[in-house]
Amino acid sequence: MLIVLAASFTPAAAASYDSIPMLVQGKDTFFLAFLHDVYVYPPMRFQNKKQERFYWKTVRDVKKTLPYAKMITQDMAYADAELAKLATDKERRQWWRKYERYLFRKYEKDFRGMYASQGRMLMKLMDRESDRTSYELIKQYRGKAAADFWQFIAKLFKNDLKEGYDGADKDRIIERVINLVEAGQL
C-alpha cells in the first residue's frame, strides 16, 4: 500500500472541492484523503465491576460535557475580547451583565439536566480547555467575594473549585477517554 502526502493538501482544501482531491504524477494518479488521528491504547483491564462502572460513567460524562467545555471556552474568548475593547469599568460591568444573562439563558436548560458528576467533569474539562481553574474563572468574571462564596459551597459538597486538571497523572483516564471521543473511537 502506497501512501502519498501532499504538502499543499489540507482538510480545509478538501472540503472546498466538489469531488475527491487527487494528485497526478506522470501517468500515476493518487487519491488524497485526510485521515484523523487514531489512538491505540492497551485494552482496559478492570479488577472489579466498580472500576468498570467508573470507566463507563467517565465515558458518559466526557461525551456529555466536552462539547460544552469547548463552547464555553469560545464564549470566554469572545467575552475577553469584547471586555478589552471597552474603556471604562462601568461599560464593562454593563456589558458583562447583559452577556451573563445571555449565557444563562443559553446554557441553563442543559446544565440543569446534568448529574453532579457531569458538573464536576465540566469543571475539570474547563480547566483543561482554558488552563484556569473554576475558582480562577469565577474570580476573573465575578470577583473574589463570589469565588470565595462558591468555593465554600463546593467544599460543603466535598468538591474543590481550585482543583486543577492533571491529564498526565491523576486524570489520565479522563485524558484517554477525551482522546478517544475526539477521534471518534468511542
Under 3.5 Å side-chain donor-acceptor pair for Tyr141 and Glu100: no
When every non-hydrogen atom of Arg92 is compared with those of Ala87, the smallest separation belongs to NH1-O, 3.6 Å
Looking at Phe152 versus Phe149, is the centre-to-centre ring distance below 6.0 Å? no
Check side chain to side chain donor-acceptor pair (under 3.5 Å) between Lys85 and all other residues, then give those that pass, not counting sequence neighbours. Glu82
Can you tell if the side chain of Arg105 reaches within under 4.5 Å of the side chain of Tyr102, non-hydrogen atoms only? yes
Nearest 0.5 Å please: distance from the CD1 atom of Ile174 over to the NZ atom of Lys124. 4.5 Å
Could you report the tightest heavy-atom contact between Glu129 and Leu66, atom names first, then the distance? OE2-CD1, 4.2 Å
Grab the two heavy atoms, one from Ala183 and one from Tyr39, that are nearest each other, plus how far apart they are. CB-CD1, 3.8 Å
Sub-3.5 Å donor-acceptor pair from the side chain of Arg112 to the main-chain atoms of Lys109, do we have one? no
Among the clusters formed by ILVMFWY side chains lying less than 4.5 Å apart, do Met126 and Trp150 turn up in the same one? no
Interatomic distance, CZ@Arg93 vs NZ@Lys98, rounded to 0.5 Å, equals 14.0 Å
Has Gln47 got more than 12 heavy atoms of other residues, nucleotides or ligands less than 6.0 Å from its CD? no
Measuring from Ile178:CD1 to Arg128:CZ, what's the distance to the nearest 0.5 Å? 4.0 Å
Please tell me if the side chains of Leu23 and Gln25 come closer than 4.5 Å, counting only heavy atoms from C-beta onward. yes
Taking the side chain as C-beta and beyond, is there a heavy-atom pair between Tyr165 and Lys170 under 4.5 Å? no
Do Met121 and Thr58 touch side chain to side chain, with heavy atoms closer than 4.5 Å? yes
Find the distance between CE (Met76) and OG (Ser130) and round it off to the nearest 0.5 Å. 4.0 Å
Going through the checks in order, is the side chain to side chain contact (heavy atoms under 4.5 Å, CB included) test met by Gln118 and Met123? CA-CA 9 Å; Gln118 291 170 339; Met123 288 189 328; over 6 Å; no
Is it the case that over 12 heavy atoms from other parts of the model lie below 6.0 angstrom from the CZ atom of Phe157? no
Rounded to the nearest 0.5 Å, what separates atom NZ in Lys144 from atom CD in Gln151? 10.0 Å
Test Leu161 against every option in Ile138, Thr133, Ile153 by the side chain to side chain contact (heavy atoms under 4.5 Å, CB included) rule and name the one that passes. Ile138
Shortest non-hydrogen pair, Glu136 vs Asp131, comes out as OE1-O, 4.3 Å
Going through the distances and angles, do Tyr99 and Tyr78 end up as a ring-ring contact (aromatic ring centres under 6.0 Å, His included)? CA-CA 10 Å; Tyr99 193 63; Tyr78 171 74; 5.5 Å; yes
Can you get from Val62 to Tyr41 by hopping between Ile, Leu, Val, Met, Phe, Trp and Tyr side chains that sit under 4.5 Å apart? yes
Identify whether Leu103 and Met114 are in the same connected component of the hydrophobic contact network (ILVMFWY, side-chain heavy atoms under 4.5 Å). yes
What one should report as the nearest heavy-atom pair of Glu163 and Asp127 is O-OD2, 4.3 Å
Does one hydrophobic cluster hold both Leu180 and Leu125, with members joined at side-chain heavy-atom distances below 4.5 Å? yes
Taking atom types as modelled, is there a side-chain donor on Tyr115 or Asp61 under 3.5 Å from an acceptor on the other? no
Within this structure, what is the CG-NZ distance for the pair Asp160 and Lys155, rounded to the nearest 0.5 Å? 4.0 Å
Can a donor-acceptor pair be found between the side chains of Asp148 and Tyr135 at a distance below 3.5 Å? yes
Taking the six-membered ring for Trp, are Phe46 and Phe54 ring centroids under 6.0 Å apart? no
Short question: side chain of Asn48, backbone of Gln51 - any donor-acceptor pair under 3.5 Å? yes
Do Ser117 and Arg60 have side chains that get closer than 4.5 Å, going by heavy atoms? yes
Which heavy atom of Pro42 sits nearest a heavy atom of Arg176, and at what distance? O-NH2, 2.8 Å
